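What follows is one structure encoded as structure tokens, with my remarks underneath.
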Number of protein chains: 2
Amino acid sequence: MKPERKKRGGKYDSSAALLQGVCVRPTRQRLALAAWLFDGSDKHVTAEESSAAMRRRRAGVSLATIYNTLNAFTESGLLRQIAIDGAQIYFDTNTNDHYHFFDEKTGHLTDIPASSIRFAQLPKIPDGKALLRVDVVLRVQRAR
Amino acid sequence: MKPERKKRGGKYDSSAALLQGVCVRPTRQRLALAAWLFDGSDKHVTAEESSAAMRRRRAGVSLATIYNTLNAFTESGLLRQIAIDGAQIYFDTNTNDHYHFFDEKTGHLTDIPASSIRFAQLPKIPDGKALLRVDVVLRVQRAR
DNA sequence: GTGATTGCAAATCTTTTGCACTAAA
DNA sequence: TTTAGTGCAAAAGATTTGCAATCAC
């Protein structure tokens with residue numbers, strides 16, 4: 001691994017607190033990824049996009065570690081996975097209750113706040129089963 | 001390809017009509033797959049499951065052809081793709097408006113008729129976009 | 001015949017893993 | 001120290017593709 005001077009202060013402090021809050025050891029790589037992921041704007045990212053972002057920042061994080069870290073963050077509840085088209089896994093930095101627009105042409109995901117969709121009726125959950133989550137994806141396309 | 005006696009009559013007749021109806025050339029392999037897929041019961045299948053079903057029937061359909069055929073059927077509107085967990089693509093033989101239960105533990109998909117979910121409110125579609133489809137997945141788990 | 005389809009194997013793409021090395025506690 | 005985390009390269013899965021042989025029309 002490339003030696004990298006240790007950053008102190010600024011965004012890294014809050015990232016460190018975030019990770020320690022969920023018992024994830026705050027390594028340099030995880031802090032770099034967390035600082036980018038949790039910068040305040042909600043993101044929908046793939047492993048490859050995360051890797052590109054780290055490369056841009058010359059953060060020195062290998063692709064294997066990107067995957068390990070995204071999975072570790074997901075297990076800790078910091079991220080949520082979204083499967084849209086089977087091509088690749090998206091990770092959502094917004095773990096609150098909400099839904100998504102998906103543009104079929106651009107492959108772009110956008111949040112829909114939970115308050116924007118209300119159900120008048122939901123089906124009975126089969127016996128012996130419990131409802132975990134309701135996923136809603138509104139597939140859209142550029143209007144012609 | 002293994003020589004196989006050509007079947008006539010029964011399920012194959014309706015499959016042939018089905019394929020010809022959407023301008024898909026009814027080859028032996030496509031007929032075998034269609035006869036299984038469209039036997040009347042709604043199915044959610046993966047490529048691997050389809051391959052296993054063809055093997056069971058000694059239908060002699062290679063995995064490459066399974067993929068080609070499932071994709072061809074999807075393009076013709078005979079099947080619909082569903083992405084649930086990023087692991088693999090599911091193909092749904094029910095192309096009508098409907099939704100799904102997904103059991104996180106078993107990986108099993110079940111249909112929810114369109115009439116069982118009603119929306120009291122949907123978000124405004126962004127300018128310049130048109131709504132193509134609303135996907136709803138109710139994620140469930142064995143209740144403890 | 002002629003162009004579409006098939007099968008095989010190789011290629012591609014995303015994601016995971018084994019293992020020696022390094023860093024956090 | 002001791003254990004968890006990292007990087008690399010190899011492995012694993014799912015899916016696609018190039019191409020010669022074969023089939024549908």
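Just so it is clear, the structure is predicted and the values come from calculations on it, not from any experiment. Quick note: numbers below take in every heavy atom, side chains included, and nothing from hydrogens, waters or symmetry partners.
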Practice item. Among C:dT15, D:dT15, C:dA25, find the nucleotide with the atom closest to the side chain of A:Q20. Key: C:dA25
Check your understanding: With nearest nucleotides of DNA chain C determined for B:R25 and B:I66 from heavy-atom distances, which residue corresponds to the more 5′ nucleotide?
Key -> B:R25
Review point. Is the count of non-hydrogen atoms from other residues, nucleotides or ligands lying under 6.0 Å from A:R133 atom CZ greater than 12?
Key: yes
Practice item. Scan A:A72 against the nucleic acid and name what it touches under 4.0 Å (heavy atoms): base, sugar-phosphate only, or nothing. Key: nothing
Check your understanding: Of the nucleotides C:dT15, C:dG7, C:dA25, which has the atom closest to the A:P26 side chain?
Key -> C:dA25
Point to revise | Candidate nucleotides C:dT6, D:dA14, D:dG7, ranked by approach to the side chain of A:Q29 - the nearest | key: D:dG7
Review point. Given D:dA4, is OP1 or OP2 found less than 4.0 Å from the side-chain N or O atoms of A:T27?
Key: no
Check your understanding: Counting a pair only when it is Watson-Crick or G-U and both distances are under 3.5 Å, which runs of at least 3 such pairs involve DNA chain D?
Key -> C:1-25 with D:1-25
**Study point:** Distance-only side-chain donor-acceptor flag, A:H100 / A:D92, under 3.5 Å
**Key:** yes
Point to revise | Donor on one side chain, acceptor on other, A:H98 and A:D111, under 3.5 Å | key: yes
Practice item. Respond yes when some side-chain nitrogen or oxygen of B:R30 is under 4.0 Å from OP1 or OP2 of C:dT5, and no when none is. Key: yes
**Study point:** Closest non-hydrogen atom pair between B:E104 and A:L132, with its separation
**Key:** CG-CD1, 3.5 Å
Exercise for review: Would you indicate which nucleotide in C:dT15, D:dG5, D:dG7 comes nearest to any side-chain atom of A:Y67?
Suggested key: C:dT15
Review point. Which part of the nucleic acid does A:N71 contact within heavy-atom distance under 4.0 Å: base, sugar-phosphate only, or nothing?
Key: sugar-phosphate
Review point. Is there a side-chain polar atom (N or O) of B:S62 under 4.0 Å from OP1 or OP2 of C:dC8?
Key: no
